[in-house]
Amino acid sequence: MDPLTIVAAIIALGAGFGASNYVTKQKLGSAEEKAEKELEKAKKEARKEIEAAKEEAAKIAEEARKDEQKRRNEVKDVEKRLLDRETNLDKKLDELDKRAEKLRKGEDEVEALKNEIRDIRTKQQDKLEKIAKLKKAEAAEKLMQMTERDIKDDLKGLVHKLQTEAKENAEELAGVAIVQAMERMASEVTAERTISALKLPDDEMKGRIIGKEGRNIQAIQKATGVDIMVDDTPGMVVLSSFDPIRRAVAVRVMEMLMKDGRIHPGRIEEVVEKAQKEIHKEVVRAGEDAAREVGIVGIPKEVLELIGQLKYRTSYGQNVLKHSTEMAHIAGILAEQLGADVKTAKYAALIHDMGKALTHKMEGKHHHISGEMARKYGVPEAVAQAAEQHHDDVEATSTEAIIIRVVDAISAARPGARNISAENFAERMRDLENTALSFEGVDKAYAISAGREVRVFVKPTKLDDLGAIKLARDVANKIESTMQYPGTIKVNVIRETRAIEFAK
């Protein structure tokens with residue numbers, strides 16, 4: 001390479017380096033100046049923020065100081081009020097102590113005065129006893145005797161007047177209450193019998209019911225306990241049973257078999273079981289409906305079932321369940337007017353005849369069975385007693401029991417309640433009179449009050465007073481053992497002696 005070229009290159013390189021160094025210095029100087037300006041600016045902003053923070057801190061401190069001063073003032077006010085109240089309480093306590101001291105002194109003075117008065121009374125009594133020559137007890141007794149003599153006649157007249165007025169008012173009020181109850185209650189009565197009849201669709205169905213060699217009809221009778229007669233009435237099958245529930249089951253069985261058409265011993269057993277379940281459901285539903293109708297809740301399930309069975313039982317043509325619900329309504333009305341327990345009266349009226357659902361299974365009178373079953377299943381004792389005492393052989397011990405007796409007579413004896421023909425009624429009256437006439441010493445006997453009472457006139461020369469009492473019991477026992485009748489019958493034995501003389 002040429003030396004001149006090399007020298008030129010070196011000079012150029014040095015010149016470029018010097019220029020670069022100059023530029024770099026220029027840039028550094030500018031950056032430092034800019035940095036100094038930014039730093040100065042940042043310092044100024046920092047000083048401003050510090051001053052603002054100081055001012056804000058001063059304001060907060062001032063507000064805190066004011067709040068503290070305010071709270072201190074409030075605390076001072078509260079302390080002042082408490083001190084004032086404490087001072088007032090101390091004053092009141094001092095006053096109370098003074099009053100208590102005055103009262104104690106006053107009590108001591110009163111006690112001293114009482115003692116002084118007692119001493120004066122004792123001295124006066126002693127002086128009076130000396131003057132009268134009588135002790136205090138003797139004087140009081142004599143005074144009472146004198147007063148009794150003076151007012152005895154007046155008291156007798158007053159008592160007689162009050163008794164008469166009470167009887168008159170009682171009879172009037174009782175009549176009004178009973179009439180109102182009878183007016184507000186009226187229900188239809190369905191007469192039922194001991195047989196039920198179903199129409200046969202054709203003779204072929206009759207043959208199916210009888211079955212080969214009578215096996216079908218025998219299976220039905222055995223499963224239901226009901227007598228079945230297919231030849232007595234043309235085109236009809238007659239079911240007979242003293243138990244209306246069995247008869248209802250048998251009717252349901254015959255209806256189901258005739259509708260289905262399949263009749264054989266195996267099918268009969270299935271249908272009987274199904275019919276028994278359906279009738280049981282109807283029995284329970286009838287009991288629940290009756291309780292709901294009269295407004296009694298909480299009746300045990302066993303009692304409801306017995307009540308429901310009364311739907312299939314009658315007494316002289318009167319449905320027993322309808323009779324019981326009718327009685328419950330009337331009993332509620334009378335109990336409300338007489339101030340008795342309405343719920344107890346209605347409850348007892350509803351269950352009073354439930355023993356009739358068991359009379360073919362248990363020995364005893366139906367009202368005794370009703371009371372026994374009520375106690376067995378947890379019915380309240382007051383209700384059980386009222387139900388058991390609705391006939392005269394058990395003494396009525398409560399107002400509710402007497403109400404049950406009254407409404408039983410109202411429901412059973414009202415016109416149209418029971419389906420008794422005139423011939424049957426007349427025959428029963430004759431039987432009642434003949435029963436009384438069958439005893440020795442009886443002169444005449446008359447059945448009155450629709451058979452509710454029999455009056456027996458005896459010969460006074462044959463029977464004395466004790467004999468007449470015994471005769472009344474004997475006649476009542478014979479009526480109970482030989483006759484069927486609703487309710488109770490009063491036996492009234494009359495013995496009188498007449499002395500007749502003629503003046504000539």
Side-chain angles (χ1 to χ4, degrees), residues 158-189 287 289-299 303-304 307 310 315 318-355 366-367 370-371 374 379-418 449-450 452-453 486-488 490:
L158 179 61
V159 169
H160 179 71
K161 180 181 178 181
L162 292 175
Q163 287 178 343
T164 303
E165 290 179 355
K167 287 181 180 179
E168 292 176 354
N169 294 334
E171 291 177 358
E172 183 179 355
L173 292 174
V176 171
I178 291 174
V179 169
Q180 288 179 352
M182 293 173 70
E183 287 178 349
R184 291 170 61 181
M185 277 306 305
S187 63
E188 297 179 356
V189 178
D289 291 343
R292 193 180 303 109
E293 180 184 346
V294 300
I296 302 297
V297 296
I299 300 178
V303 176
L304 285 176
I307 295 172
L310 300 179
S315 177
Q318 185 180 30
N319 184 276
V320 180
L321 181 58
K322 290 185 178 180
H323 164 64
S324 299
T325 54
E326 180 182 84
M327 276 184 58
H329 289 302
I330 302 175
I333 296 169
L334 291 181
E336 184 178 0
Q337 294 185 4
L338 298 176
D341 191 322
V342 176
K343 182 179 179 181
T344 298
K346 295 177 76 172
Y347 199 162
L350 184 63
I351 70 169
H352 81 289
D353 269 351
M354 72 177 178
H366 71 274
H367 51 289
S370 297
V379 173
E381 181 61 24
V383 177
Q385 285 184 355
E388 187 179 28
Q389 296 169 0
H390 76 274
H391 282 315
D392 290 337
D393 60 336
V394 182
E395 183 181 358
T397 58
S398 65
T399 305
E400 290 78 14
I402 297 174
I403 290 173
I404 303 306
R405 289 188 181 185
V406 172
V407 297
D408 186 31
I410 291 173
S411 177
R414 65 178 178 80
R418 294 186 169 178
S449 299
R452 295 286 180 178
E453 180 181 352
T488 58
K490 178 181 179 182

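All of these numbers come straight from a predicted model, not from anything done at the bench. Every heavy atom of this structure was used, including side-chain atoms; hydrogens, water molecules and symmetry mates were not.
Under the side-chain hydrogen bond (donor to acceptor under 3.5 Å, both in side chains) criterion, S370 pairs with no residue at all, not counting sequence neighbours. For I307, the side-chain contact (heavy atoms from CB on, under 4.5 Å) partners two or more places apart in sequence, or in a different chain, are A290, V303, L321, L350, I351. Applying the salt bridge (charged side-chain N to carboxylate O under 4.0 Å, His left out) criterion to E453, with sequence neighbours excluded, gives R455. Taking A396 as the reference, Q389, A401, I402, R405 meet the side-chain contact (heavy atoms from CB on, under 4.5 Å) condition, with sequence neighbours excluded. Checked against side-chain contact (heavy atoms from CB on, under 4.5 Å), A345 has the following partners two or more places apart in sequence or in another chain: A331, A335, E400.
A distance of 11.0 Å separates CD1 in I403 from CD in E336, rounded to the nearest 0.5 Å. One finds the CD1 atom of I330 at 9.5 Å from the OG1 atom of T325 (value rounded to the nearest 0.5 Å). Rounded to the nearest 0.5 Å, atoms CG (D341) and OG1 (T399) are 10.5 Å apart.
Between H352 and H366, the closest heavy-atom pair is O-CD2, 4.3 Å. In plain terms, the two heavy atoms of A386 and A348 that are nearest each other are CB-CB, 3.6 Å. In plain terms, the two heavy atoms of H323 and D408 that are nearest each other are NE2-OD1, 3.1 Å. In terms of heavy-atom proximity, L310 sits nearest to M354 at CD1-CA, 3.9 Å. Summarising the geometry of S324 relative to D353, their closest heavy-atom pair is OG-CB, 4.2 Å, with the distance given to 0.1 Å.
Using modelled atom types, one side-chain atom of K346 and one backbone atom of V294 make a donor-acceptor pair closer than 3.5 Å.
The shortest distance between side-chain heavy atoms of Y347 and I299 falls below 4.5 Å.
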